[in-house]
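Here is the naming used below: chain letters follow the sequence lines, and residue numbers restart at 1 for every chain.
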There are 2 protein chains.
Amino acid sequence: MTDLSIAIPDSFVIDSQSLLDKSMKISQLARACSIFRVRNIFIYNDRSTRCEPEDRKIIKTILEYLDAPPYTRRQLFPQLWMLKYAGMLPPIKSPHHKPKISLQDIEKGDVRVGVILKKDGVWFVDVGMDEPIRYSGTISNNKIVTVKLISKYPYLTAAEINKDSLAGYWGYTVKFSSTLKGLLDSRKSNYILLTSVEGRYLTDKFCTSFFTDQIKSIKDLLIVFGSPKNGLKKILAAEKVEISDFPFVINMFPDQGTQTVRVEEAILGTLAIINQYTIR
Amino acid sequence: MTDLSIAIPDSFVIDSQSLLDKSMKISQLARACSIFRVRNIFIYNDRSTRCEPEDRKIIKTILEYLDAPPYTRRQLFPQLWMLKYAGMLPPIKSPHHKPKISLQDIEKGDVRVGVILKKDGVWFVDVGMDEPIRYSGTISNNKIVTVKLISKYPYLTAAEINKDSLAGYWGYTVKFSSTLKGLLDSRKSNYILLTSVEGRYLTDKFCTSFFTDQIKSIKDLLIVFGSPKNGLKKILAAEKVEISDFPFVINMFPDQGTQTVRVEEAILGTLAIINQYTIR
């Protein structure tokens, strides 16, 4: 299975007038990434335009809120003004959003997301049960971790595990990166797909062989999106980078019937198409 | 070019709590259909569930409002409570949403959408210019029509034409149909694709040959979607029809990372994928 990452500009919500509008746009992004099992969302600094400096923080916070299992949210996200509308957004229901079950029903080996907390000098993890469970792993108060439950009730202990070692999808991670150039340079060894209305069609011969033959064996694919204001050509030009230096610049929506495709629409549509090629 | 139609249930907005929620969901549908040049949107009666009887009217009215060029709206859509939030929805900007230009700049042969109106006993059509233009065609007050402009200013006349005769995309038409069975029966001679989480993958051999070879030569393709509550299997079962009677029952989102894919997401994603196969 190919690990998917996407990159979006910090100007992603620049066309949204209110916090409610921004929240809904971010919610569509969170759902698209979850449906198609995106592992990393990079937020890069769009040098081609000036946006509210707090927008990148809003994007990251709402994305992380939506990816966090509901039972972890009260502890992880204190009453923040930027989460005012987050509670009414449609839920993601990813595999790591597990329901509350009774402590007795936990099976040895179950994997759950939890929040680390200290009680009477001892470290516990709240995994959404009636009470927190004894924890062993790296320690940091109010940190979100993935744990494996060792032994059964009443001797339950939770040991931290690396979520990347899990076979199935286990949510996404949100990361800030500085410039787009910086991000692309840092991932040179991996495949990068730039989306652009001026790009090649996926049905172009050059692309077809890549997508039908090679893509399945790629470990890591990064798909990059532009902003509501400027496409990637302009965003890269603002960093003195030529988009033509990249082999895979692709127009995913040939013959589009509208003047523009919104970024959140482009992300869902692109991921839906790529998913057809990456499944085995 | 394949003509695309989609069918959605009248329960499409059954999971939306408020008129604002419904409006936004319908807006996403309108944009997805416009991006991928859908010509017909059929709203069928979902017999598997009970929804607000006014919902089908809300869906049709907001869809038609968004497809109508902005300058026609005041006349076509009087102050309706169901359009309360329609003005703040993102615009579609389809090719038939032409900007206002001066009468002098109109070229002979220009095609525009207009609204028929009567002035001093003579029929005119308002095509978004400074003043309405003399009209020849079938007559009906406050009706939306597509016209070709004959001769130049100041002798402008507008003659009705059939929008289906135009080469490019010219918006969608919304139609009520009774039951889903009724709709499917009426289109037996055309290709029908039913979307279902229990369907085959598009990468399945049976589908591949159809999609890579045949689909381009199909004149008319209908893609059918289920509701937020029930999939097509259940909706058809409520009409005593077996979904297995249809050859093309397809799961467009193999390995989905979320418990469910929302109908508006399924529509955008499905159309994005199909578009890759239907472009020439």
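Residue with the most contacts toward chain B among A:Y201, A:Y169, A:F253: A:F253 (heavy-atom pairs, distance under 4.5 Å). With respect to chain B, the highest number of heavy-atom pairs below 4.5 Å among A:P254, A:P91, A:G171 belongs to A:P254. Taking chain A as the reference chain and counting heavy-atom pairs below 4.5 Å, the highest number among B:A32, B:G269, B:P95, B:P90 is found for B:P90. Contact count versus chain A (heavy atoms, under 4.5 Å) is highest, among B:D255, B:D15, B:V38, B:N275, for B:D255. Among the candidates A:T203, A:L271, A:L202, A:T270, the residue making the largest number of heavy-atom pairs closer than 4.5 Å to chain B is A:L202.
Distance CD/A:Q259 to NE2/B:H97: 11.0 Å, rounded to 0.5 Å. Annotation: the span from B:L268 atom CG to A:E264 atom CD amounts to 9.5 Å, rounded to 0.5 Å. Note: B:T258 OG1 to A:I35 CD1 = 4.5 Å, rounded to the nearest 0.5 Å. Annotation: the span from B:S94 atom OG to A:Q256 atom CD amounts to 10.5 Å, rounded to 0.5 Å.
Around atom NZ of A:K148, no more than 12 heavy atoms belonging to other residues, nucleotides or ligands sit under 6.0 Å away. Counting heavy atoms of neighbouring residues, nucleotides and ligands inside a 6.0 Å radius, atom NZ of B:K163 exceeds 12 of them. For A:K233, the NZ atom sits in a loose shell: 12 or fewer heavy atoms of surrounding residues, nucleotides or ligands are nearer than 6.0 Å. Counting non-hydrogen atoms of other residues, nucleotides and ligands closer than 6.0 Å to NZ of A:K229 gives a total of 12 or fewer. Atom NZ of B:K84 is surrounded by 12 or fewer heavy atoms from other residues, nucleotides or ligands within 6.0 Å.
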Could you walk me through whether A:Q28 and B:Q28 pass the side-chain contact (heavy atoms from CB on, under 4.5 Å) test, one step at a time? CA-CA 11 Å; A:Q28 283 178 251; B:Q28 285 178 250; 3.3 Å; yes
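In this structure, the side chain of B:E265 does not engage the main chain of A:R31 through any donor-acceptor pair within 3.5 Å.
In plain terms, the two heavy atoms of B:M252 and A:Q276 that are nearest each other are O-NE2, 2.9 Å.
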